[in-house]
Amino acid sequence: MQDKYLPADIERAAQQHWDSTEAFRVHADASRPKYYCLSMFPYPSGKLHMGHVRNYTIGDVLSRFHKMKGFNVLQPMGWDAFGLPAENAAIKNRVPPAKWTYDNIDYMKQQLKSLGFAIDWRRELATCTPEYYKWNQWIFLRMLEKGIAERKTQVVNWDPVDQTVLANEQVIDGRGWRTGALVEKREIPGYYLKITDYADELLGDLDELTGWPERVKLMQANWIGKSTGVRFAFQHDIAGDDGQPINDGKLWVFTTRADTIMGVTFCAVAAEHPLALHAAKGNAELAAFIEKCKHGSVMEADMATMEKEGLPTGLFVTHPLTGKQVEVWVGNYVLMSYGDGAVMGVPAHDERDFAFAKKYDLPIEQVVAVGDKAYSLDAWQEWYGSKDGVCVNSGKYDGLGYDAAVDAIATDLAAQGIGEKKVQWRLRDWGISRQRYWGCPIPIIHCDSCGSVPVPDDQLPVVLPEDCVPDGSGNPLHKREDFLNVACPCCGKPARRETDTMDTFVDSSWYYARYATTFGKDKMVDDETGYWMTVDQYIGGIEHAILHLLYSRFWTKVMRDLGLVSYREPFAHLLTQGMVLNNAFFHKPEGGGKNYYWESEIDIQKDAKGQITGARLKQDGTVLEHELTTMSKSKNNGVDPQSLIEQYGADTARFFMMFAAPPEQTLEWSDAGVEGAYRFLRRVWSFGHLFASEIRGQIGAQRQLTGAKLPEDLAAFRREIHLLLKQANYDLGKQQFNTVASATMKMLNALEKAPRQGALAAEVIEECFGILLRVLSPLTPHISHALWSGLGYGEDILKAAWPEPLDAALAQDEIELMLQVNGKLRGALRVPAEAAKDAIEAAALAHEATIKFLEGRPAKKVVVVPGRLVNIVG
RNA sequence: GCCCGGAUGGUGAAAUUGGUAAACACAGCGGACUUAAAAUCCGCCGGCGCAAGCCUUACGGGUUCAAGUCCCGUUCCGGGCACCA
């Protein structure tokens, strides 16, 4: 055996061994329990980043652990290969997104292989291949048939200079990222999937997901946002151009606070609302305001933080219960796409309405009282919005609480035929149309005679041309006559293909099911999915806690309703890995945006505690700002794991990643500490060498360890290792891998200090080092493989059984209890392991520390926590 | 703004889920070995105090024999907010 630890050699040999034995190739096998371990697949952005290393190491630790536990383990890998960055790279480098993407996949695949992950590479897939996205198109057509997919209008960010639709990410401070032009909102047609039809089930089935973190379920529940309220109408006789009352003379609104209806002092409608457009005709100021509302972001965060503005329309509607006239305002904070595009204004009991009313001097009328608290118009107070009060100044409803008031008011509105209780969801339907090239083509043909016609199944897939190079001025498919021109499947006349592509969330909504098939060309999923699904353990970033996971759950339910699968939830257990953060350095140029710089381009000043106090660009001394944020290509703050692997080897990179923090916690990147992991693995190797050269030879032909009475120091050492094993197994169950790593370090510390003379000692060390190698193997599979086979423990550590602690090794005669007096630690107490409570109390009361700190007072109470401590209160 | 998390030594973190706060490491300091350096090994390492001891888990309250852990309030940091993936 080599006496020096040479990771490059060891890792190459181990990986070759796994390749040649096809160690990770798996098949459905009904005779064995299965474990489907899935990590979120990477976007092929160029090279792996630390988040990937963290994610896939967690998956690999779990996969290898379960394999040694006897499970049939499937761990696949693939590529989420469509998306915007490929187009951005194309604009920058004039390379087709397809070439850029496939090159990146080749490179990143080599990186993944060099990390030694136990992946069944025969199941690799890339979502940008026609074999895969054909099934996006096929199931989309099924959804159209069933009415789950439909065409309607959507609001998008429009860049008036580039004449193109912008992603939210491409809108910076309200301006287009390339042109700097003020972005406009524009309504265009697009396809929607009716996820809202599944809202009830998506919410209800969260209860079944016992293997999901509570916080993720909570986030999903809040996102779906079920609220029960009342939808009702203010009546009016405002006539439109056709002489008829607009919307049948009804202004519909939805509210969850019907109990405050008697406090309505105005109504607010969206800028696109028919009443707003009508009023604007004779009102230049209002028309200008509506025009202004068209600018700005469509993002909810921007909507919520922007200055609330409004303008009166001069139109009035009738309050349905008081008969009073209520003025209609246009508000920039009212969204046409939510509910009916109009809200009632109750400034006394809604914080946003309160601010609006104060700003425009609208009346504020208190209609709910909480206790005898005094209502003041000076400033908003928390209790104004409370549901715990009773109605006041509300006529017949006075004295009613929230529930009773809502019921009574809903009943009265229903009697007039202008209102009813209604369940409202916050969840909106999923718009999947993207006006972008590098995505899955939507399989629709537009014909002047027949309208929008689905592509017949036998013409699928609609193949995306792979040689286009976007230039930022719009979808290059518009210039591809060979793609555009097609005969109408209905009438045969010349027609045009749809050029919109699908949201990339479509691709990632079902890839886990495809991995679990035999990749047949004639079926989306085949019978093998029945064996592997559902996914036993899904691992990925917390940033996907809502959208990706919700869409995947929705997609599974649609597939079930189409008879394709029999399960209703895709992921049984979910581990949401924390983000890997790093400092990003930038300066804000005029005209908005942020220019990011690599750490190698700047000088950083730090204070005595190592906190960053400032940064300057090396080149010209420009003062930079910094923020702690996720590692990302666009922020130039990613750390390439490649140099880590090359310098120290995959095992060091993996071990350090697992040791640095528990999986669910955010990890602030730092280079320090990697050396420590490397040092540890070198020590493991050296101990292996020592064992081979000096210890193993002492073991006799007849083994003596079983049943032997060990000398005290040897028994203590063996007990320590088995205790650490017990702890490591417990922590593996909790998926807390950082303490598993530290347990292996403690084991090595103990091994190095253990008695090593004599046959018995050599046998104990053999047993304990064997435990260490197996506990270490999911974390650092290469060195574990090399030592296991090199030291003659067995042929292949993958086939070794997972170790369990032995009761005989754990047993002890005496235990130590902590002694507290009045809750403060004052000493320790050694008692027999089986000591009775009375005996412990007596020993504690007689202890010198008790006598000293009670200072003569009698003990009022003695608390004994078995196996832990005694607390004497006096 | 709304929803969800987090905060413990110089640093990453641990604490058997209410029971010895700081395990295991990193960095630092001191020592051994060496002509020297690297590597390796040994020791010290939250604050105050000569000591007995006292204080310390972002901040302010509370519950308890006992609180990093539970409850109430505050601050700061991170994630998501529907076209980044």
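The chains referred to below are lettered A, B, ... by the order of the sequence lines, with proteins before strands, and numbering in each begins at 1. Heavy atoms only: backbone and side chains are in, while hydrogens, waters and symmetry mates are out. All figures in this text were calculated on a predicted structure; none of them were measured in a lab.
With 3.5 Å as the limit, one finds a donor-acceptor pair spanning the side chains of A:Asn749 and A:Arg683. Side-chain contact of A:Asn136 with A:Trp510: a donor-acceptor pair under 3.5 Å is present, judged by distance alone. Counted by atom type alone, A:Asp429 and A:Thr196 present one or more donor-acceptor pairs between their side chains at under 3.5 Å. Remark: the A:Gln577 side chain and the A:Arg54 side chain contain no N/O donor-acceptor pair separated by less than 3.5 Å. Using a 3.5 Å distance cut-off with no hydrogens or angles, the side chains of A:Glu675 and A:Tyr648 do pair a donor with an acceptor.
Within 3.5 Å, no donor on the side chain of A:Arg868 pairs with an acceptor on the base of B:rU20, nor the reverse.
Salt-bridge annotation for A:Glu307 and A:Lys359: present, with a side-chain N of the basic residue lying under 4.0 Å from a carboxylate O of the acidic one. Of the charged side-chain nitrogens involved, none lies within less than 4.0 Å of a carboxylate oxygen, so that A:Asp350 and A:Arg257 do not count as a salt-bridged pair.
Note on A:Ala545: nothing from the nucleic acid sits closer than 4.0 angstrom, heavy atoms only. Heavy atoms of A:Thr504 sit under 4.0 angstrom from primed sugar atoms or phosphate atoms, though from no base atom. Contact annotation for A:Trp223: base contact, defined as any heavy-atom pair under 4.0 Å involving a base atom. Looking at heavy-atom distances under 4.0 Å, A:Met818 makes contact with a base. Here A:Phe659 lies in heavy-atom contact (under 4.0 Å) with a base. Within the nucleic acid shown, A:Glu307 has no heavy atom closer than 4.0 Å to any nucleic acid atom. Among the atoms of the strands shown, none is found under 4.0 Å from any heavy atom of A:Leu667. Within 4.0 Å (heavy atoms only), A:Gln727 reaches no atom of the nucleic acid at all. Among the protein residues, A:Pro42 comes within range of no part of the nucleic acid, since none of its heavy atoms lies under 4.0 Å from any strand. Residue contacts shown for A:Val156 include a base, since a base heavy atom lies under 4.0 Å away. Among the heavy atoms of the strands lying under 4.0 Å from A:Leu84 are primed sugar atoms or P, OP1, OP2 only; no base atom is included.
Across the P atoms, B:rU75 and B:rA22 are found 33 Å apart, a figure rounded to whole Å. Between B:rA23 and B:rU57, the two C1' atoms lie 15 Å apart (nearest whole Å). Only the P atoms considered, B:rG19 is 36 Å distant from B:rG28, to the nearest whole Å. Look at the C1' atom in both B:rG6 and B:rC59: the space between them is 16 Å, to the nearest Å. Taking the C1' atoms as reference points, B:rG60 lies 29 Å from B:rG12, given to the whole Å. Nucleotides B:rA39 and B:rG5 are separated by 45 Å at their P atoms, to the nearest Å. Taking atom P in both B:rU8 and B:rC2, one finds a spacing of 26 Å when rounded to whole Å. The C1' atoms of B:rA85 and B:rG79 are separated by 14 Å, rounded to the nearest whole Å.
Of the candidates B:rA85, B:rA25, B:rG1, B:rG1 carries the atom nearest the A:Ala304 side chain, counting heavy atoms from C-beta on. The side chain of A:Asp80 has B:rA85 as its nearest neighbour among B:rA85, B:rG19, B:rG1. Residue A:Pro85 places its side chain closer to B:rC84 than to any other of B:rC24, B:rA13, B:rC84. Out of B:rA39, B:rA82, B:rC54, the shortest distance to the side chain of A:Leu547 is found at B:rA82. In this structure, the nucleotide among B:rU16, B:rG53, B:rA85 sitting nearest to the side chain of A:Tyr730 is B:rU16. Counting only heavy atoms from C-beta on, A:Asn222 has its side chain closest to B:rC4 among B:rG19, B:rA15, B:rC4.
A:Lys824 has a side-chain polar atom (N or O) that falls below the 4.0 Å cut-off from OP1 or OP2 of B:rC55. The phosphate of B:rC24 has neither OP1 nor OP2 within less than 4.0 Å of any side-chain N or O from A:Asn738. In this model, the phosphate group of B:rU40 is approached by a side-chain N or O of A:Arg682 to a distance below 4.0 Å at OP1 or OP2. When the side-chain nitrogen and oxygen atoms of A:Lys852 are compared with OP1 and OP2 of B:rG53, one or more of them lie within a distance under 4.0 Å. In terms of phosphate contacts, A:Arg426 brings no side-chain nitrogen or oxygen within less than 4.0 Å of OP1 or OP2 of B:rC3. In this model, the phosphate group of B:rA25 is not approached by any side-chain N or O of A:Ser742 to a distance below 4.0 Å at OP1 or OP2.
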How does RNA chain B look in dot-bracket form if you count Watson-Crick and G-U pairs under 3.5 Å, write [ ] for pairs that cross, and put | where a base pairs with another strand?
(((((((..(((......[....))).(((((.......))))).(((....)))..(((((..]....))))))))))))....
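In this entry the distance linking CE of A:Met306 with P of B:rC81 reads 18 Å, nearest Å. For the pair A:Phe853 CZ and B:rG53 C1', the interatomic distance rounds to 8 Å; values are reported in whole Å. Across the protein-nucleic acid pair, A:Met40 atom CE and B:rC84 atom C1' stand 15 Å apart, rounded to whole Å. The distance from atom CG of A:Leu166 to atom P of B:rA82 is 15 Å, rounded to the nearest whole Å. Protein atom CE of A:Met299 is 17 Å distant from nucleotide atom P of B:rG1, rounded to whole Å. The separation between A:Met303 atom CE and B:rA82 atom C1' is 13 Å, rounded to whole Å. Computed from coordinates, the A:Lys4 NZ to B:rA38 C1' distance equals 11 Å when rounded to whole Å. Note: CG (A:Asp731) to C1' (B:rA13) measures 13 Å, nearest angstrom.
A:Met219 pairs in a side chain to side chain contact (heavy atoms under 4.5 Å, CB included) with only one of the listed residues (A:Leu549, A:Ile224, A:Ile546), which is A:Ile546.
A:Leu725 approaches A:Val775 most closely through the heavy-atom pair CD1-CG2, 3.7 Å.
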Identify the pairs formed between an N or O of the protein and an N or O of nucleotides 63-65 of chain B at a distance under 3.5 Å, and give each distance.
from   : atom 1 : to       : atom 2 : distance (Å)
B:rC65 : O2'    : A:Asn871 : ND2    : 3.3
B:rC65 : O2     : A:Asn871 : ND2    : 2.6

Could you run down the sub-3.5 Å N/O contacts of the protein with nucleotides 71-79 of chain B?
from   : atom 1 : to       : atom 2 : distance (Å)
B:rG78 : OP1    : A:Leu628 : O      : 3.2

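A:Asn822 is not listed as a side-chain neighbour of A:Phe853, based on a closest heavy-atom distance of 4.5 Å or more. Counting heavy atoms from C-beta outward, A:Thr127 and A:Phe41 have side chains that approach closer than 4.5 Å.
The closest donor-acceptor contact from the side chain of A:Tyr551 to the backbone of A:Ser508 lies at 3.5 Å or more, if one exists at all. Without hydrogens or angle criteria, A:Gln735 side chain to A:Pro663 main chain gives no donor-acceptor distance under 3.5 Å. For the pair A:His722 (side chain) and A:Arg719 (backbone), a donor-acceptor distance under 3.5 Å is absent.
Within the cation-pi definition used here (under 6.0 Å to the ring centroid, within 45° of the axis), A:Lys152 qualifies as a partner of A:Tyr192.
Aromatic pair A:Phe356/A:Tyr333: centroids less than 6.0 angstrom apart.
Residue order along RNA chain B, read from the 5' end via each residue's closest nucleotide, puts A:Val674 first among A:Val674 and A:Lys753.
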